[in-house]
Amino acid sequence: MSAETDAPIVTIRALGDHVGQEVTLQGWCYAKTGKGKLVFLQLRDGTGICQAVVFRGNVSDEDFEVAKAITQESSLIVRGVVKAEPRAPGVPGGYEVDVRGVETTGISDPYPIQPKEHGVEFLMQHRHLWLRSNRQWAAMRVRAVIVRAIRDWLDDHGYLNVDTPIITPAAAEGTTTLFEIDYHGEPAYLAQTGQLYNEANIFAFGKVYCFGPTFRAEKSKTRRHLQEFWMVEPEIAFCDLEQLMEVEEQFVSYIVQRCLAECAPELEVLERDTSFLQRVTPPFPRIHYDEAVAMINAAAARGDLVPGYPDPVPAIEWGDDFGSPHETYIAAQFEKPVFVHHYPTQVKAFYMEPEPGRPEVCRSVDLLAPEGYGEITGGSERMSDASKLIAAIEHHKLPMAPYEWYIDLRRYGSVVHSGFGLGVERTVAWVCGLDHVRETIAFPRMLTTMRP
RNA sequence: UCCUCGGUAGCUCAAUUGGCAGAGCAUCCGGCUGUUAACCGGACGGUUGUUGGUUCGAGUCCAUCCCGGGGAGCCA
């Protein structure tokens, strides 16, 4: 670029702080168009997108030729004067750069992804490039804010981050399919939850959380499932089911409100209707499993359709777990996330505390997100009596020896305690209004896809 | 694993009853001072997912396998 100056390097996100100044931007050409002696560049730098206007009269002949030769996704350094222009396209938008000098640092080969519709298969095969597209960029930025909000809320509320092992000797809950690995000749499994270890940790630290990747080898192929996903699992000593729901609604509301406060440009790129999100404040509605079954069966009797699907709500027998259509129907009856509590003991994990006086239901709770995003948290009050826990393990026909340490927790100062897990990808999908969790993580691991 | 839909140019799609495989975008060349997925003119671009079958003739019909989308179950 001709006439090097000391114009400061700034980010597109902060352009508004530099109106009237000459600045340097470093980034990539997102799109380009031109008309004779004008070249319009959409420049992105990772923090946003802005239009850079190259007019032949404002740059050297050499720089104008450089600008004309820029291809989509070429890397470049641009020097120019920031102008407030309300109609300028961009993210956040409202400013454009009147270019005085331009230099390319890497001319791009013809770029596979065009600014138009593409099929999912093609985009997934080019995931390493797709991440540059503005909707993907926005979703990843929202994800990062959600992760930050999760950690901030927990750290600020007395929870200690104690991470749990990813390599585990056996199924924690004995239900789902796990990925098996060879642990020096002994079979081991990638963790599906850190919960049992969390329970050990609360007796040392009171309130804890683990936060990391989780693995499920199930042959699930839906918009809500990944083989590898991230989950945060808080666990709390001296906490019962009712107190747990209060924690969850505060926690989830904080996450959503942080996104609204910090991600306005991203949510706009995603064309998210934020009115649904603004309503996400405590308290959330709570319904008992009995009540949910009655609602579902009333809807089934009326022939109501599952929201978003052409099929009627299927009837349910008391004692069965909800199917996906049931969850969708229940969630659609509320404008906020809704707690469904006291599921039948027989469909839930062995360690959940039965309701006193009514042992056929347990002190469990799922949080269903609105708009069809499904279960985003699952939790319960844990069984705190050693003899009841031993009976439950026997009833589920699980081997006793691997659980001896877990039973110990009830032998040495047992307390009422509760915890839950929140799925990061489903939360991101919901906040962003995405219709598939594959777009909520940079490189999703799905049933048939692990490349790139 | 099951149900369902699909696979044609780099991408998005079209192709009548089984009858010459096409268009837009991208790319390359030329033109234009305000573009928003610009526009105008020209060029380049094909083993119709695989294998086999029916037929004078198959992108189109049949069988098979492969790959992908959506859904169920399971779950966060």
Side-chain angles (χ1 to χ4, degrees), chain A residues 30-42 49-58 64 68-69 71-73 83 85 87-90 93 96 98 108-126 129 133-134 173 175-178 192-195 213-233 306 308-311 314 320-328 347-349 366-369 373-379 420-430 435-438 440-441 446-449:
Chain A
Y30 191 61
K32 188 188 90 171
T33 183
K35 184 164 182 174
K37 297 187 174 63
L38 279 168
V39 174
F40 300 95
L41 301 171
Q42 300 297 321
I49 299 177
C50 78
Q51 176 161 273
V53 183
V54 188
F55 174 51
R56 178 157 216 156
N58 289 343
F64 190 73
K68 280 208 300 187
T71 55
Q72 185 186 359
E73 286 305 318
K83 286 176 15 184
E85 170 54 69
R87 284 160 54 183
E96 71 177 24
D98 204 359
S108 173
D109 287 349
Y111 192 65
I113 300 176
Q114 300 170 36
K116 67 171 201 179
E117 293 286 321
H118 288 285
V120 171
E121 184 180 8
F122 173 80
L123 290 170
M124 284 309 304
Q125 284 166 353
H126 295 81
L129 303 178
S133 299
N134 64 355
E173 302 181 5
T175 52
T176 52
T177 318
L178 305 181
Q192 58 162 338
T193 172
Q195 189 217 309
T214 306
F215 307 88
R216 305 276 166 92
E218 285 149 352
K219 307 260 184 241
S220 298
K221 200 177 83 172
T222 81
R223 66 180 72 183
R224 297 180 306 280
H225 290 89
L226 296 171
Q227 304 295 108
E228 173 184 303
F229 65 97
W230 285 67
M231 183 161 68
V232 59
E233 295 178 272
V306 180
Y309 295 86
D311 310 311
D320 288 347
D321 204 358
F322 292 163
S324 185
H326 300 130
E327 277 186 6
T328 303
V347 302
K348 287 292 182 182
D366 286 354
L367 182 64
L368 308 182
Y373 285 95
E375 183 182 342
I376 54 170
T377 81
F420 68 96
L422 175 134
V424 170
E425 286 74 17
R426 286 186 184 175
T427 305
V428 176
W430 166 48
D435 64 7
H436 202 299
V437 290
R438 68 180 158 227
T440 65
I441 185 166
M446 295 178 294
L447 184 56
T448 57
T449 309

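In the text below, chain A, chain B and the rest are named by the order of the sequence lines, each starting its count at 1.
- Place A31(A) and G119(A) on RNA chain B by their nearest nucleotides, and G119(A) ends up nearer the 5' end.
- With a 3.5 Å limit on both pairing distances and Watson-Crick or G-U wobble geometry required, the stems of 3 or more pairs in RNA chain B span B:1-7 with B:66-72, B:10-13 with B:22-25, B:27-31 with B:39-43, B:51-53 with B:61-63.
- Checking U1(B), U36(B), C75(B) against every side-chain atom of K219(A), the shortest atom distance belongs to U1(B).
- Contact check, R223(A) against A76(B): no side-chain N or O comes under 4.0 Å of OP1 or OP2.
- Counting to the nearest Å, the C1' atom of C28(B) and the NZ atom of K32(A) are 13 Å from each other.
- Whole-Å rounding puts the Q125(A) CD to G49(B) P distance at 15 Å.
- Of the listed nucleotides (G68(B), A76(B), G71(B)), A76(B) has the atom at the smallest distance from the side chain of L226(A).
- Using atom P as the reference point in both C40(B) and G68(B), the two lie 39 Å apart (nearest Å).
- We find that D366(A) and K348(A) are joined by a salt bridge, their nearest charged nitrogen and carboxylate oxygen being less than 4.0 Å apart.
- Distance K68(A) NZ to G30(B) C1': 10 Å, rounded to the nearest Å.
- Remark: the H118(A) side chain and the C11(B) base include no donor-acceptor N/O pair separated by less than 3.5 Å.
- Nearest nucleotide to the E218(A) side chain, out of G68(B), C74(B), C75(B): C74(B).
- Q42(A) and Q51(A) share a side-chain donor-acceptor pair at under 3.5 Å.
- Listed pair H436(A) / G70(B) meets the phosphate criterion, a side-chain N or O lying under 4.0 Å from OP1 or OP2.
- Interatomic distance, CD of E218(A) versus CG of L178(A), reported as 8.5 Å (0.5 Å rounding).
- Whole-Å rounding puts the L368(A) CG to C75(B) P distance at 14 Å.
- Distances from the side chain of F229(A) to the nucleotides A76(B), A72(B), C28(B) place A76(B) closest.
- Between G53(B) and C25(B), the distance separating the two C1' atoms is 38 Å to the nearest Å.
- Side-chain contact of T449(A) with R438(A): a donor-acceptor pair under 3.5 Å is absent, judged by distance alone.
- Taking CG from L368(A) and NE2 from H326(A), the interatomic distance works out to 12.5 Å, rounded to the nearest 0.5 Å.
- Between G59(B) and G42(B), the distance separating the two P atoms is 30 Å to the nearest Å.
- Note on R224(A): a base of the nucleic acid sits closer than 4.0 angstrom, heavy atoms only.
- When each of Q72(A) and E121(A) is assigned the nucleotide of RNA chain B bearing its nearest heavy atom, the one mapping closer to the 5' terminus is Q72(A).
- Atom CD of residue E233(A) and atom CD of residue Q195(A) lie 7.0 Å apart, to the nearest 0.5 angstrom.
- Separation of the P atoms belonging to A9(B) and C3(B) is 29 Å when rounded to the nearest angstrom.
- Under 4.0 angstrom from either OP1 or OP2 of G70(B) there lies at least one side-chain N or O belonging to R438(A).
- Comparing A72(B) with C13(B), their C1' atoms are spaced 31 Å from each other, to the whole Å.
- Without hydrogens or angle criteria, T377(A) side chain to G421(A) main chain gives no donor-acceptor distance under 3.5 Å.
- Here the side chain of F122(A) is nearest to one of U33(B), G68(B), C11(B), namely C11(B).
- Residue ring and base: Y111(A) does not count as stacked with A26(B) (centre distance below 5.5 Å and interplanar angle below 30° not both satisfied).
- Between F40(A) atom CZ and A37(B) atom P the separation is 13 Å, expressed in whole Å.
- Residue L38(A) places its side chain closer to G34(B) than to any other of C28(B), G34(B), G70(B).
- In this structure, H326(A) places its NE2 atom 16 Å from C1' of C75(B), rounding to the nearest Å.
- The base of U36(B) has none of its N or O atoms less than 3.5 Å from a complementary donor or acceptor on the side chain of Q42(A).
- Picking from G73(B), A76(B), C74(B) the nucleotide with the shortest atom distance to the side chain of S324(A) gives G73(B).
- Look at the P atom in both U50(B) and U60(B): the space between them is 11 Å, to the nearest Å.
- In the set G34(B), C28(B), C74(B), the nucleotide with an atom closest to the side chain of Q51(A) is G34(B).
- Distance from the side chain of P115(A) is smallest for A37(B) among the nucleotides G73(B), C67(B), A37(B).
- For G24(B), the base has no donor-acceptor partner in the side chain of Q114(A) [N/O atoms by modelled type, under 3.5 angstrom].
- If you take CG of L447(A) and P of G70(B), they are 12 Å apart, rounded to a whole angstrom.
- If you measure from atom CZ of F322(A) to atom P of A76(B), you get 15 Å, rounded to the nearest angstrom.
- In this structure, CG in L129(A) is found 5.0 Å from CD1 in I113(A), a value given to the nearest 0.5 Å.
- Contact annotation for E96(A): base contact, defined as any heavy-atom pair under 4.0 Å involving a base atom.
- Contact of S220(A) with C75(B) (side chain to base): no donor-acceptor pair of N or O atoms is detected under 3.5 Å.
- E228(A) and T214(A) share no donor-acceptor pair across their side chains, judged by distance under 3.5 Å alone.
- Here the CH2 atom belonging to W230(A) is positioned 7.5 Å from the CD1 atom belonging to I441(A), to the nearest 0.5 angstrom.
- On the C1' atoms, A38(B) is 14 Å away from G31(B), given to the nearest whole Å.
- The gap from the C1' atom of U55(B) to that of G18(B) amounts to 9 Å, rounded to the nearest Å.
- Out of G70(B), C67(B), C75(B), the shortest distance to the side chain of E327(A) is found at C75(B).
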